[in-house]
Amino acid sequence: MQIIILGDGGHSRVIQEMIFADRNYEIAAILDDKYEQGFQQKEIIYAPTSFLVKLLRPNMKVVVAIGDNKARKKIVQHLKLLPKHYLSVIHPTAVISSSAAIGCGTVIMPNAVINANAEVGMHCIVNTGAIVEHDNTIGDYTHVSPNATLTGNVSAGEGVHVGSSATVIPGKHLGSWSIIGAGSTVIEHIPAYSKAVGCPTQIIDRIVMK
C-alpha cells in the first residue's frame with residue numbers, strides 16, 4: 001500500500017523510518033510547504049501540501065506527521081478526508097492490548113504500551129516508551145510524550161500534551177488542550193486550557209487558543 005505523508009520535520013522522519021521498515025507499505029510522497037518546487041527522489045515525490053489533491057488515489061493512505069497538536073488538527077480539518085483515508089502507524093515493538101481501541105491516523109511509537117480497554121482517539125501520538133494504562137480514554141489530537149505514564153482510569157480531553165516522563169495518577173482527568181510539563185506528577189484533575197508543572201503539579205498559566 002502506498003502512503004502519503006504530510007510534514008517533513010523531525011516527527012515525520014521518525015514515522016518515515018517506521019514505514020520504510022514495514023514491507024507492507026511504501027511512501028509515495030512527502031508533502032511539505034517548504035518544497036515549493038516539486039521534485040522526485042528515489043521514487044518519492046516531494047512537493048507542497050497542495051499536491052495532495054493531485055496525488056491521492058483510492059488505494060492510498062495519508063499520515064499527518066506533524067508533532068504540534070493544534071497544527072495537526074488544523075490540517076486534518078482543512079483536508080476534510082474520511083477517516084478511512086488515514087493510516088494508523090504502529091511500531092512493531094509497541095505492546096497493544098487486544099481490547100484497546102486506536103483511532104485513525106494515530107501514531108504509536110517504539111516500546112509504547114496501550115493496556116486493556118484503553119481508548120486512544122484519532123490523530124494522537126503515543127510516543128517512545130509511553131504507557132497508557134487500562135481503561136484510559138484519550139481524546140483526539142493528544143500527545144503522550146516519551147516515557148510519560150497515564151495510570152489506570154485516566155481520561156484526557158482533546159489536544160492534551162503530556163510532557164516527557166510525566167505521571168498521571170489513577171482516575172484523574174486532563175482537560176482539553178491542557179499541557180502537563182515534563183517530569184510532572186498529576187494528583188488532581190487539570191482544567192481545560194491550563195498549563196501545569198511540578199511534583200505535584202501546580203497550574204501556572206492559562207492557554208489562549210488562536
Side-chain angles (χ1 to χ4, degrees), residues 11 15 63-77 81-91 93-197 199-201 203 206-207 209:
H11 176 63
I15 293 173
V63 179
V64 182
I66 305 293
D68 181 85
N69 295 344
K70 288 188 291 185
R72 195 164 61 256
K73 180 179 180 180
K74 184 177 180 180
I75 289 171
V76 170
Q77 289 181 323
L81 297 177
L82 295 174
K84 67 179 182 180
H85 288 115
Y86 291 106
L87 176 71
S88 295
V89 183
I90 300 173
H91 195 274
T93 63
V95 178
I96 301 177
S97 168
S98 61
S99 62
I102 309 297
C104 68
T106 284
V107 177
I108 312 294
M109 294 291 191
N111 299 310
V113 177
I114 314 290
N115 270 333
N117 297 317
E119 297 181 3
V120 180
M122 299 185 297
H123 302 286
C124 293
I125 302 168
V126 181
N127 222 313
T128 307
I131 298 173
V132 176
E133 266 297 348
H134 64 87
D135 301 294
N136 276 211
T137 302
I138 309 301
D140 300 343
Y141 307 105
T142 285
H143 183 174
V144 184
S145 296
N147 299 311
T149 300
L150 307 184
T151 57
N153 292 291
V154 169
S155 60
E158 181 181 273
V160 174
H161 180 90
V162 182
S164 299
S165 299
T167 299
V168 183
I169 70 168
K172 300 308 173 187
H173 175 69
L174 310 178
S176 295
W177 300 100
S178 59
I179 296 175
I180 309 302
S184 297
T185 301
V186 177
I187 64 171
E188 301 289 349
H189 300 311
I190 302 298
Y193 307 104
S194 297
K195 184 175 183 179
V197 300
C199 299
T201 48
I203 296 171
R206 295 283 295 170
I207 298 166
M209 298 292 288

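- Residues Ile179 and Lys195 are in side-chain contact: their nearest non-hydrogen atoms beyond the backbone lie under 4.5 Å apart.
- Between Met122 and Val76, the closest side-chain pair of non-hydrogen atoms is not below 4.5 Å.
- Take Val113 and apply the side-chain contact (heavy atoms from CB on, under 4.5 Å) test, not counting sequence neighbours, and it matches Val95, Asn115, Ile131.
- Counting all heavy atoms, side chain and backbone alike, Gly163 lies closest to Ser145 at C-CB, 3.5 Å.
- Residues in residues 175-192 take part in these side-chain hydrogen bond (donor to acceptor under 3.5 Å, both in side chains) pairs, two or more places apart or across chains: Glu158-Trp177.
- Of all the heavy atoms in Ala94 and Ile108, the pair that sits closest is CB-CG2, 3.7 Å.
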(request) Dump the intermediate steps for side-chain contact (heavy atoms from CB on, under 4.5 Å) on Glu133 and Asn153, then the final yes or no. (result) CA-CA 7 Å; Glu133 266 297 348; Asn153 292 291; over 6 Å; no

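- Thr106 places a side-chain N or O within donor-acceptor distance of the main-chain N or O of Gly121, the cut-off being under 3.5 Å.
- Using cut-offs of 30° and 60° for the angle between ring planes, the His161 and His143 rings count as perpendicular.
- In Lys172, the NZ atom is crowded: over 12 heavy atoms of neighbouring residues, nucleotides or ligands sit closer than 6.0 Å.
- Each of Val160, Ile169, Val168 was evaluated against Leu150; a single residue qualifies, Val168, per the side-chain contact (heavy atoms from CB on, under 4.5 Å) test.
- The two residues Ala196 and Ile190 have their closest heavy-atom pair at CB-CD1, 3.9 Å.
- Among all heavy-atom pairs drawn from Val126 and Ala112, the shortest one is CG1-CB, 3.9 Å.
- In terms of modelled atom types and a separation under 3.5 Å, the side chain of Ser88 and the main chain of Gly103 share a donor-acceptor contact.
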